[in-house]
Every structure is written in structure tokens, then in C-alpha cells.
Peer 1: 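The structure follows.
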Number of protein chains: 2
Amino acid sequence: MAAHDQSNGDSKLANGETTYFATNPRPASLDEHISSLAPFIADHVRKHSRVALVTSGGTTVPLENQTVRFIDNFSAGTRGATSAEYFLENGYAVIFLHRQFSLLPYSRHFSHSTNCFLDYMTTSSTGEVVIDGEYQAQMASVLQKYERAKREKMLLLLPFTSVNEYLWHLREIAMLMRPLGANGLFYLAAAVSDFFIPAERMVEHKIQSSEDFAHANHGTTSSTAQEERSPAAHMDGAKLVIDLDPVPKFLKQLVDVWSPKSMIVSFKLETDPSILAEKSRYALKKYSHDLVIGNMLNTRKHEVLFVSAAGGDQWIRVPTARRSKSVTAATMSEVRQATEMPLEIESLIVPEVARLHSEIISNGRSR
Amino acid sequence: MAAHDQSNGDSKLANGETTYFATNPRPASLDEHISSLAPFIADHVRKHSRVALVTSGGTTVPLENQTVRFIDNFSAGTRGATSAEYFLENGYAVIFLHRQFSLLPYSRHFSHSTNCFLDYMTTSSTGEVVIDGEYQAQMASVLQKYERAKREKMLLLLPFTSVNEYLWHLREIAMLMRPLGANGLFYLAAAVSDFFIPAERMVEHKIQSSEDFAHANHGTTSSTAQEERSPAAHMDGAKLVIDLDPVPKFLKQLVDVWSPKSMIVSFKLETDPSILAEKSRYALKKYSHDLVIGNMLNTRKHEVLFVSAAGGDQWIRVPTARRSKSVTAATMSEVRQATEMPLEIESLIVPEVARLHSEIISNGRSR
């Protein structure tokens with residue numbers, strides 16, 4: 001598939017990588033998405049409203065052009081979908097760039113349940129299919145908020161699947177958001193792969209396991225960093241070996257070139273607590289954006305670390321008694337103590353982000 | 001995590017691999033699932049009903065113990081979820097072993113839509129949340145079938161995520177199904193990875209990209225097939241290199257040892273049409289089970305190839321005019337001709353499988 005080269009000045013990457021967008025294909029969905037993005041953004045430019053791009057869910061890295069296997073990043077999209085609701089409650093219009101079939105604002109309260117969707121339903125006395133009594137109250141209030149967001153054109157849902165689709169969308173949306181000036185906010189909660197397979201190194205067909213070796217559609221010689229065009233996935237005896245290139249650091253481009261006036265918030269997810277703060281500060285320094293929100297895989301639902309040039313380091317925590325039962329086993333002892341109504345940490349994160357955004361709008365940026 | 005060694009005679013693998021179940025941990029969910037499986041199967045043994053184990057969705061291969069990244073197999077679970085409904089309509093009880101959050105029987109008609117879940121809902125004149133008029137009729141008939149299946153205890157939903165969870169469940173369920181004798185059917189529609197990372201070679205924490213190299217939690221030396229205990233994923237300069245072991249061929253164990261009296265149906269998904277038939281016959285010969293259903297990624301929704309010892313090769317196709325609009329772009333020209341009501345290919349596959357199952361029950365196996 002030939003790349004549709006859109007390269008303009010900014011497609012040469014700050015970090016010295018050769019241009020990504022000239023060698024990786026423009027996704028088919030982009031033009032259709034632009035046709036809904038353009039009027040959405042123009043409307044909010046007119047209204048001088050704040051607009052948050054919330055990215056959510058994991059990106060895939062296909063191992064074949066006709067994709068049977070892919071590498072994925074763990075994410076149900078909870079952080080992004082939940083945050084999007086609180087941005088809407090805080091007066092923001094939200095562009096929700098999400099992994100297809102990941103959690104969505106509002107519907108998240110009822111989807112990805114371990115029960116079947118239909119367990120919420122029942123047949124009324126009049127034979128109508130209605131929501132079961134125990135879900136009525138919650139469903140009604142959620143439905144109300146969702147319908148208001150739709151009616152007032154405050155929420156735009158855009159799906160992606162691969163890391164390539166994500167990167168093309170991020171660049172396009174960032175450039176479309178420029179007219180918003182400082183009213184634009186990037187809340188990059190998606191779990192974006194650090195590694196990918198360049199289009200030129202992707203095999204066409206499903207990689208055959210060794211038992212079917214006669215059918216294998218590529219050589220057995222192992223590829224190395226030197227042989228740039230060798231297939232990224234290949235058999236080595238009975239083993240499957242995959243070597244992936246680093247994804248160019250687009251955050252630098254976003255901050256310096258694509259949307260320099262917007263507030264930009266990135267996330268750092270780690271599993272090793274000893275490196276979280278250091279890596280978050282490192283990212284803030286390296287990309288000189290506005291805020292890094294650091295979080296640990298096991299505790300992400302009740303504590304995050306804000307690292308900003310303006311505010312330094314600041315932990316935001318849900319009080320033990322307000323922690324939801326949906327947190328991981330690591331904190332089950334705390335959950336047993338939970339007595340009060342659970343509090344979603346995004347209800348603490350988003351207003352604090354909005355406050356920092358107000359400072360940037362009134363005082364100009366700290367970076 | 002220490003492996004809970006359940007190994008009995010059958011855990012030594014036919015293909016000479018050292019025992020998988022002694023070295024890869026028993027999933028925590030298995031005991032709870034057994035407690036619902038045992039009475040479900042016992043009930044249908046009493047009733048002499050046929051029981052189909054339908055596996056569905058893709059398996060994950062985690063790259064770290066604290067999983068941030070994983071390899072996945074493309075599958076929404078459409079084949080499995082749709083087939084499960086037709087097995088129920090054909091009088092089978094169904095154990096639905098599915099990837100968590102993949103499509104489920106019945107709810108599949110309304111989930112994984114590109115619309116939001118809440119677009120099906122509306123508020124009635126009485127203020128109740130009800131299903132929107134245009135969806136009422138379809139939802140009512142689906143809900144009816146779903147509630148009957150639940151009421152008559154004909155459907156058991158069991159989720160898995162990783163390939164290790166899948167393999168432990170497959171072995172356990174197969175052994176629990178032995179008392180069903182020839183009334184047992186294995187319909188293995190899940191997209192199971194051919195490769196995995198043995199527990200002993202999995203790194204604990206998220207693999208750090210080279211920019212954070214000071215933090216990397218493992219060496220840079222590349223692992224090879226010889227160094228069995230070297231981490232399966234490691235950095236090589238700026239590249240991420242992953243080497244995966246082949247998954248032992250459990251189908252052989254299933255046929256020969258775990259559940260020899262059941263009818264066993266496997267699937268072959270390919271992207272290269274030139275090898276589909278040959279690979280399907282190869283698999284049937286190699287594992288000497290009852291039926292291989294071959295399908296192509298692009299045409300799987302309107303044609304499949306049955307390869308069986310009894311019946312030879314047989315294509316099953318949906319007439320062009322009955323093909324659903326949900327097929328891939330590859331067949332859109334055909335879709336434009338579609339005039340009649342769409343027909344799901346599983347409504348043709350399942351009765352044919354049931355017919356072959358009847359032959360095996362009455363005449364004994366052909367293998």
C-alpha cells in the first residue's frame with residue numbers, strides 16, 4: 001500500500017527520524033473523520049469554548065498486512081472514558097479519540113460488564129423491552145447526560161485501531177485544533193505503543209508456524225537492526241522472532257509544531273514504583289509540555305502523580321474509605337474498609353487539570 | 001507464581017514437549033469455573049443431551065508478568081458467538097469458553113456496534129428507560145431466546161484472556177466432558193496463538209524503551225533458542241526484540257487422551273487462498289480428529305471449507321444475494337447486489353456439523 005504523502009514542514013521529525021508520514025500509509029478513515037471534526041471544532045471556536053482531545057485505549061501493532069496477529073497495549077479505556085465525562089461536566093467540549101470497542105463515556109457504566117448486556121433488560125407488563133428496575137435510576141441519569149452532550153454537540157467519538165491510525169489522527173486533529181489557541185487541551189490517556197513495524201517491513205500474510213514451514217512466506221534468516229527492509233517477523237527454527245522499531249517521539253512535534261498554543265497533558269504508566277517519579281519528570285523535561293500524570297498499573301484507580309513545571313510534584317489520591325471495589329487485588333484490604341460511596345479518581349484529576357488550564361489561559365504558559 | 005502441578009499421565013505431551021502444565025501456572029479462575037461446569041455437565045449427562053464446547057475469540061500472550069503489552073490474535077468472536085446460538089437452536093447445551101469482552105451469544109446483536117450502547121435507549125412517556133422503538137422487535141425476540149437458554153440452563157459462559165488460561169480450561173473441560181461420551185462436541189473456533197512465552201522466560205515489569213535505558217530491568221544481550229531461560233522480550237539498541245516458543249499441539253492430546261469419544265471440530269484461518277485446502281487436510285491428517293473448517297480472513301463470513309475423513313472436501317457458501325453488509329470491502333461489489341434478507345453462514349455450518357455428529361453417534365467415528 002503506497003503512502004499518501006501529506007508531508008509538509010512538520011512531518012520531518014524533531015528527533016531526527018526520517019519522516020514517518022511519508023512512509024506509513026494514511027488511514028482510510030481519516031477523511032471521513034475530518035469531515036465531522038472540522039465543523040465540530042469551528043462551532044466551538046465560534047463559541048470560545050474549551051475543547052479537550054481525550055485519547056483513550058490501547059493501540060495495536062499489526063504483525064501482518066492482512067492482520068491475524070498484532071501486539072496490543074493493555075487498556076480497557078477506563079481512564080479516558082471516565083475523564084471525558086468529567087471534562088464535559090467541567091464545561092469542555094470533548095473529542096474522544098478511542099480504540100474501537102474500548103469503553104465509551106456514559107455507556108461505560110453498563111458495557112464491559114462480566115454479565116451479559118441482556119441481563120439489564122426485561123419485558124414490561126405491556127410487552128415492551130425495558131431496563132430492569134434495579135438499573136433504571138442509574139441508567140436514566142446516565143442517559144440524560146449522554147443525550148444532553150449529543151444534543152449540545154459537546155462530544156465527538158472517533159475510533160482508531162492501529163498505532164499508525166492513532167498517529168495520523170493525532171497530527172491531523174492537532175492541526176485542526178490550532179484555531180482554538182490556548183482553549184485547546186490535549187489529554188493523552190491512550191496507551192500508545194513505544195514500538196511499531198514500519199509498513200515496508202511488514203509481511204503480507206499470516207506468519208506460518210514451523211510445522212507448515214514449506215508454506216512460509218518469508219526466509220528463515222533472522223533480521224537485524226542493520227537489514228532495514230528485512231521482515232519484522234520471521235521464523236527462527238520453531239520460534240517466532242519479532243523485532244520492532246521505536247515509534248518516533250511525536251509529543252515533541254505536538255508541543256513544538258502541531259499545536260504549540262494548547263495545553264498538553266501526557267500520561268506515564270509504570271509497574272515498577274521505584275522509577276515512576278523520575279520517569280515522569282524526565283518526560284516533562286524532554287518534551288517541555290505542561291503536565292505529566294504518572295500512574296502505577298496496580299494503583300492507578302486511586303492515586304496518580306501530577307508533575308508540572310508550574311506546580312512541581314503533587315500526588316492526587318482517593319481517600320481509602322472512598323476507593324471503588326473495582327481496584328486490583330493489590331488493594332483489596334483497603335477495599336474491605338471502604339464504607340462511603342466510591343469516588344472516581346478522574347473526578348479529582350479533571351478539575352485540577354482544568355484549573356491548571358485556566359492558569360495557562362490567563363497567565364500564558366509556564367514552559 | 002508457582003505452577004500448581006496437576007500433571008497426571010496425560011500432561012506429558014504427545015509431541016515430545018516437556019510438560020506444559022507443570023511449568024505454566026494454573027489460572028486462578030479455573031476452580032470457580034469448575035464449580036459451575038461440574039453441575040452443568042452432570043445435568044446434561046442425566047438428560048442425555050448433546051453438549052457443545054464452543055471456544056471463541058482471540059488469546060493473549062502477555063509480554064510481561066505485570067502485563068502492559070501483549071500479543072493478540074485478531075477475533076471479535078463473531079464465529080463463536082453466532083455458532084453458539086445455532087447450536088442452542090439445534091438442541092445442544094453450550095459451554096461458551098470465550099475471550100473476556102468478546103462477542104457473546106444474543107448480546108452480540110447489540111454490542112460492538114459503532115454506535116454507543118445508549119443509542120438503543122430512550123425515555124418512555126412514563127419516564128422509564130426503554131429500548132428505542134426501531135430496536136424493540138429484534139431486541140424482544142433476542143431477549144426471549146436468551147432468557148429461555150438461561151432458564152433451561154442450556155448456556156454456560158466462561159471467560160478467558162491469555163493463551164495459558166485457555167489451555168488450562170480446554171484440558172479441564174475436556175476431562176469433565178468425558179462422561180458425555182459421543183454426545184460431547186468440541187467446536188474450537190477460538191483464534192489460539194501458535195506461539196507463547198513460557199512463564200520462566202517472562203520479564204516481571206514493563207520493558208523500558210531505549211530512551212529510558214538506565215532503567216531497563218534486563219540485559220541487552222539478545223536471547224536465542226539455546227538460552228532457554230533468557231527473557232523472551234529484550235531491547236537490542238533502540239529495537240524491541242521478542243522471541244516466542246511454539247505452543248504445544250494440544251489438539252493431539254484432546255483427540256487421543258483428554259476426550260477421545262467426543263466429536264472434535266477445529267478451524268483453520270488463512271489469508272493466502274493458495275494454501276487453505278492443503279493446510280486444512282494436513283491438520284485433519286495430523287490430529288486425526290473429525291472435521292476441519294477452513295476459512296479465509298476476507299471471505300470467512302460467506303464461505304468455509306469442510307474437510308472431514310467421512311465427507312472429504314465440501315464448500316459451504318452463502319448465496320451472493322443473501323450476504324450480509326458486514327462482510328469486508330473485498331466483497332462490497334457482491335454486497336451491492338444483495339437484495340434478500342441476509343443469511344448468517346453459521347446457520348448453514350452448525351446444522352451440517354450436527355448432522356456429522358449424528359452419524360458419529362450412530363455409526364461410531366470415521367477416524
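Order of the sequence lines sets the chain letters (A, B, ...), proteins ahead of strands, with each chain counted from 1.
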Peer 1: Taking salt bridge (charged side-chain N to carboxylate O under 4.0 Å, His left out) as the test, write out the residues that go with B/Arg69, two or more places apart.
Peer 2: A/Asp194, B/Glu64

Peer 1: Please say which of B/Asp243, B/Val241, B/Ile71 ends up in a side-chain contact (heavy atoms from CB on, under 4.5 Å) with A/Ile242.
Peer 2: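 Single side-chain contact (heavy atoms from CB on, under 4.5 Å) partner of A/Ile242 among B/Asp243, B/Val241, B/Ile71: B/Ile71.
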
Peer 1: If you compare all heavy atoms of A/Met121 against all heavy atoms of B/Met121, which two are closest, and at what distance to 0.1 Å?
Peer 2: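 Closest pair (atom of A/Met121, atom of B/Met121, distance): CE-CE, 3.7 Å.
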
Peer 1: Rounded to the nearest 0.5 Å, what separates atom OH in B/Tyr120 from atom OG in A/Ser107?
Peer 2: 10.5 Å

Peer 1: For A/Leu143 and B/Leu118, which heavy atoms make the closest approach, and how far apart are they?
Peer 2: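 A/Leu143 and B/Leu118 have their closest heavy atoms at CD1-O, 3.8 Å.
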
Peer 1: Check A/Ala238 against B/Pro246 and note the closest heavy-atom contact, atom names and distance.
Peer 2: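 The pair with the smallest heavy-atom distance is O-CD, 3.5 Å.
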
Peer 1: Can you tell me which residue among B/Gln144, B/Met139, B/Gln138 is in a side-chain contact (heavy atoms from CB on, under 4.5 Å) with A/Val129?
Peer 2: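 Output: one option passes, namely B/Met139.
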
Peer 1: Partners of B/Arg79 by salt bridge (charged side-chain N to carboxylate O under 4.0 Å, His left out), sequence neighbours excluded?
Peer 2: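 For B/Arg79, the residues satisfying salt bridge (charged side-chain N to carboxylate O under 4.0 Å, His left out) (neighbours in sequence not counted) are B/Glu346.
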
Peer 1: Could you report the tightest heavy-atom contact between A/Thr67 and B/Phe74, atom names first, then the distance?
Peer 2: O-CB, 3.7 Å

Peer 1: Are the side chains of B/Ile275 and A/His205 in contact, using a 4.5 Å heavy-atom criterion?
Peer 2: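 Sidechains of B/Ile275 and A/His205: no contact.
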
Peer 1: What heavy-atom pair brings A/Asn73 and B/Phe70 nearest, and what distance separates the two atoms?
Peer 2: C-CE2, 3.9 Å

Peer 1: Which atom names give the shortest non-hydrogen contact between A/Arg201 and B/Lys239, and what distance separates them?
Peer 2: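 The answer is NH1-NZ, 3.2 Å.
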
